[in-house]
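Worksheet for the structure shown next.
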Amino acid sequence: MLFIAHCTDKPDHLQVRLDARPNHLEFLKNKGDALKIAGPTLTADGENPNGSLIIFEDRDLEAAKAWIASDPYAGANLFESVIVKPWKHAIGNGV
């Protein structure tokens with residue numbers, strides 16, 4: 001089943017994001033083919049990351065929530081909010 005995670009960073013936590021980024025990228029890489037799309041959301045000027053959007057496969061909602069909770073960004077206390085919910089691809093070829 002596919003899931004979408006929308007994570008919003010706490011204000012003024014850019015350095016926390018930058019410090020945790022290498023471990024976060026390794027974490028995503030370890031998801032293998034189950035990781036479909038991932039990247040940062042940006043501030044209105046398009047200059048700085050302020051959150052994350054991730055689309056991935058997992059067995060159920062609880063497993064998806066647990067996986068996101070184990071992200072190094074979450075461990076670094078970067079996120080102000082996290083939404084994880086099932087998602088269905090309907091239109092488009094992706095990025």
Side-chain angles (χ1 to χ4, degrees):
M1 178 183 295
L2 288 171
F3 294 90
I4 188 167
H6 181 227
C7 309
T8 302
D9 294 357
K10 292 179 179 176
D12 302 316
H13 273 60
L14 180 57
Q15 192 59 53
V16 173
R17 172 178 277 275
L18 295 175
D19 292 345
R21 188 170 187 266
N23 291 334
H24 167 73
L25 294 176
E26 187 64 28
F27 168 79
L28 293 176
K29 181 180 172 185
N30 288 336
K31 192 69 167 167
D33 291 340
L35 178 66
K36 303 305 179 189
I37 296 174
T41 59
L42 302 173
T43 54
D45 61 9
E47 293 295 319
N48 293 302
N50 65 0
S52 298
L53 179 67
I54 306 169
I55 299 175
F56 61 100
E57 284 183 279
D58 221 316
R59 69 178 177 277
D60 57 37
L61 182 58
E62 292 308 312
K65 287 180 177 181
W67 183 70
I68 291 297
S70 68
D71 185 326
Y73 280 167
N77 203 23
L78 173 63
F79 299 136
E80 180 174 66
S81 66
V82 175
I83 298 169
V84 178
K85 55 185 165 181
W87 179 77
K88 181 180 177 180
H89 179 245
I91 298 174
N93 295 328
V95 179

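Given the structure is predicted, the values throughout are model-derived calculations rather than measurements.
Ile68 and Trp87 fall into different hydrophobic clusters, where Ile, Leu, Val, Met, Phe, Trp and Tyr residues are linked whenever their side-chain heavy atoms come under 4.5 Å apart, directly or through other members. Residues Leu53 and Trp67 are members of separate hydrophobic clusters, defined by side-chain heavy-atom contacts under 4.5 angstrom among Ile, Leu, Val, Met, Phe, Trp and Tyr.
In this structure, the salt bridge (charged side-chain N to carboxylate O under 4.0 Å, His left out) partners of Asp9, at least two apart in sequence or on a different chain, are Arg17.
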### Task
Show your reasoning for whether side chain to side chain contact (heavy atoms under 4.5 Å, CB included) applies to Lys10 and Asn77.
CA-CA 8 Å; Lys10 292 179 179 176; Asn77 203 23; 2.9 Å; yes
#### Entry: Verdict with reasoning, Phe56 to Leu28, per side chain to side chain contact (heavy atoms under 4.5 Å, CB included)
CA-CA 10 Å; Phe56 61 100; Leu28 293 176; over 6 Å; no
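The shortest distance between side-chain heavy atoms of Tyr73 and Cys7 does not fall below 4.5 Å. The closest side-chain heavy-atom distance from Lys85 to Ile4 is below 4.5 Å. A heavy-atom distance below 4.5 Å is found between the side chains of His6 and Thr8.
The two atoms that bring Val84 and Ala5 nearest to each other are CG2-CB, 4.1 Å, heavy atoms only. For Leu61 against Pro86, the heavy-atom pair with the smallest separation is CD1-CD, 4.2 Å. Of all heavy-atom pairs spanning Ala74 and Phe79, the tightest one is N-CE1, 3.7 Å. Between Ile55 and Leu2, the shortest heavy-atom distance links the atoms CG2-CD2, 4.5 Å.
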Please tabulate, for the side chains in residues 30-38, all donor-acceptor contacts under 3.5 angstrom to protein atoms that are two or more places apart in sequence or on a different chain.
from, atom 1, to, atom 2, distance (Å)
Asn30, ND2, Glu26, O, 3.3
Lys31, NZ, Glu57, O, 3.4
Lys31, NZ, Asp58, OD2, 3.0
Lys36, NZ, Asp33, O, 2.8
Lys36, NZ, Glu57, OE1, 3.0

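Summarising the geometry, atom CG belonging to Asp19 is positioned 9.5 Å from atom CG belonging to Leu14; distances are rounded to the nearest 0.5 Å. One finds the CG atom of Leu18 at 5.0 Å from the CD atom of Gln15 (value rounded to the nearest 0.5 Å). Taking CG from Asp60 and CZ from Phe3, the interatomic distance works out to 6.0 Å, rounded to the nearest 0.5 Å.
Side-chain atoms of His24 never come within 3.5 Å of backbone atoms of Pro22 as a donor-acceptor pair (strictly under, hydrogens ignored).
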